[in-house]
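What follows is a short report on a single structure.
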Amino acid sequence: MIRKFTLAISAILIPISYVNCNDFTATVINDVSNVSSGGSNNTSALRTFASVSAQFSLSEHYTFYADAALLRGDNGGLDTGAFQAYSNIDEDEFEDIYEVWFEGNFQAKGLRFKVGQIDANTEFAFIDHGGEFIHSSMGFTPTIAFMPTYPTPTLAGAINWQASENGNAAFGVFSDDSNEFDTLFYIGEWTQQFDMLTAKAGIWHQTGDIDTFKSGNIEEGTEGFYMIVEGALNNQWFSSQSSGWFAQAGYADDEVSELDFHFGAGITWYGPFNREEDIAGLGVNHISTSQYLHDELQKSETAYEIFYRIQVNDYLAFKPDIQYIVSPAVDKSADNALVFTLRTEISF
């Protein structure tokens, strides 16, 4: 169904809008990682993610977007014994059409909507100052257990409304992983802007019968909520041009979710050491696991991360990244893990 839907939209819309293509992007991300101590397996992992995308302006208010993605190589997260993936591209190998959507944007009315195959994290629970970290939990709180995001976006509809001068409401409805609508994922988010701070509060609900960790019990749907705050910092640490901070927290029902709590925070420096295009960051992610799984999992896990992104030119960047994972939750016999990653990013 996914291919039939995306190819049908492409066939209808691309011929209409091809001459107005205003954005074509290709990206290749390569991670070379080594678990130098601790973890489940002291070994190296190599994987490459590639994507191509095109955006077409159909008119003043309407846009069509499509991209395709591919992942090859090792799933390095399996080597640490951790619950949280230390690289946000870690997954089983895949190749497919990724996102295909149609957007209407009526800025004067404060209204924007999107329909198609959508990665939910592009619209919800996104953290601006967390985007350069490579740890997976920096992208969104892992307590949103059913979120249709990488590597499986789904058919969806989302609407974004500028409800007041400083307040914004967003709501989305997403199908399941098979792009069927037997079960649905609902998510809503309110964003409030202050002078030097942005605050977000979100709630989500997954429909359908869900097995619980209590033997033989089934819940009819489940839900959770999350909070994000981020803002600018008035400092020139490391001779940076600017800097920002963020914190996030998420909660879920521990009867159906392997994680019941997550907290993450970080600081990002832009243009450190008077290098205008470089970026550096320092962050932490802490999770606690369901009380019903403590025979299998550690009660908690904490990951610390530091990175420095070196922008070589307009097309090439290198990002050395170090993470220290305390109490890897999946492998109770694993020692604290020290992981080194060198990320190479090529884009044009």
Side-chain angles (χ1 to χ4, degrees), residues 27 29-35 39-40 45-49 51 69 71 73-94 98 119-153 177 202 204 224 226 228 246-250 252 257-266 268 281-289 297-298 300-307 309 319 321-331 334 337-343 345:
T27 301
I29 298 174
N30 183 79
D31 279 0
V32 180
S33 303
N34 179 260
V35 182
S40 298
L46 171 65
R47 57 279 202 210
T48 301
F49 171 84
S51 68
L71 178 68
D74 309 311
N75 189 340
L78 302 176
D79 298 324
T80 62
F83 189 97
Q84 305 171 94
Y86 67 82
S87 170
N88 52 16
I89 66 171
D90 268 341
E91 267 296 340
D92 295 332
E93 292 185 346
F94 71 90
Y98 192 70
D119 182 332
N121 192 214
T122 63
E123 295 290 323
F124 301 93
F126 182 78
I127 303 171
D128 289 328
H129 293 305
E132 288 294 336
F133 289 87
I134 76 169
H135 191 279
S136 62
S137 295
M138 290 300 193
F140 68 94
T141 171
T143 57
I144 312 178
F146 299 89
M147 192 169 191
T149 184
Y150 178 84
T152 314
D177 289 350
W204 57 270
Y226 62 91
I228 299 169
F246 67 90
Q248 63 170 327
S257 175
E258 293 175 298
L259 305 182
D260 61 4
F261 173 74
H262 163 253
F263 173 80
T268 302
L282 175 65
V284 61
N285 280 288
H286 174 82
I287 58 172
S288 63
T289 60
L297 305 175
Q298 296 279 20
S300 65
E301 172 186 294
T302 305
Y304 301 92
E305 178 180 7
I306 184 170
F307 75 85
R309 186 177 194 271
K319 185 185 294 183
D321 181 279
I322 302 173
Q323 294 183 40
Y324 188 66
I325 303 170
V326 178
S327 185
V330 175
D331 186 350
L338 180 63
V339 186
F340 295 91
T341 299
L342 176 61
R343 172 167 289 188
E345 301 175 4

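All residue numbers in this chain count up from 1 along the given sequence. Keep in mind that this is a model prediction, so the values were computed, not measured.
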How would you list, by chain and number, every residue that makes a ring-ring contact (aromatic ring centres under 6.0 Å, His included) with [X], sequence neighbours excluded?
X	value
H129	Y270
F94	Y150
F246	F133

Taking the side chain as every heavy atom from C-beta outward, state whether [X] and [Y] have any pair of such atoms under 4.5 Å apart.
X	Y	value
E301	I325	yes
M138	N88	no
M147	N121	yes
Y304	I306	no
T27	F49	no
S33	Y86	yes
H286	S300	yes
F83	L259	yes

Calculate, to the nearest 0.5 Å, the distance between atoms [atom1] and [atom2] belonging to [X] and [Y] respectively.
X	Y	atom1	atom2	answer
D74	E93	CG	CD	8.0 Å
E305	T341	CD	OG1	8.5 Å
D260	T289	CG	OG1	7.0 Å
L342	N30	CG	CG	8.0 Å
T149	I144	OG1	CD1	9.5 Å
I127	I228	CD1	CD1	4.5 Å

Over all atoms of both residues, closest heavy-atom pair of [X] and [Y]:
X	Y	answer
A249	F261	CB-CE1, 4.5 Å
S137	Q84	OG-OE1, 2.7 Å
L71	D92	CD2-O, 3.7 Å
A145	S257	CB-OG, 4.3 Å
A252	W204	CB-CZ2, 4.3 Å
S40	D331	OG-OD2, 2.6 Å

key: Residue pairs involving residues 126-149 (criterion salt bridge (charged side-chain N to carboxylate O under 4.0 Å, His left out); sequence neighbours excluded)   = E132-R309, E132-K319
ask   = Residues in side chain to side chain contact (heavy atoms under 4.5 Å, CB included) with S87, at least two apart?
value = D31, R47, I89, D90, R343
query = H262 and T141: side-chain donor and acceptor closer than 3.5 Å?
reply = yes
Residues which pass salt bridge (Lys or Arg N to Asp or Glu O under 4.0 Å) with D321, listed by chain and number, not counting sequence neighbours = none
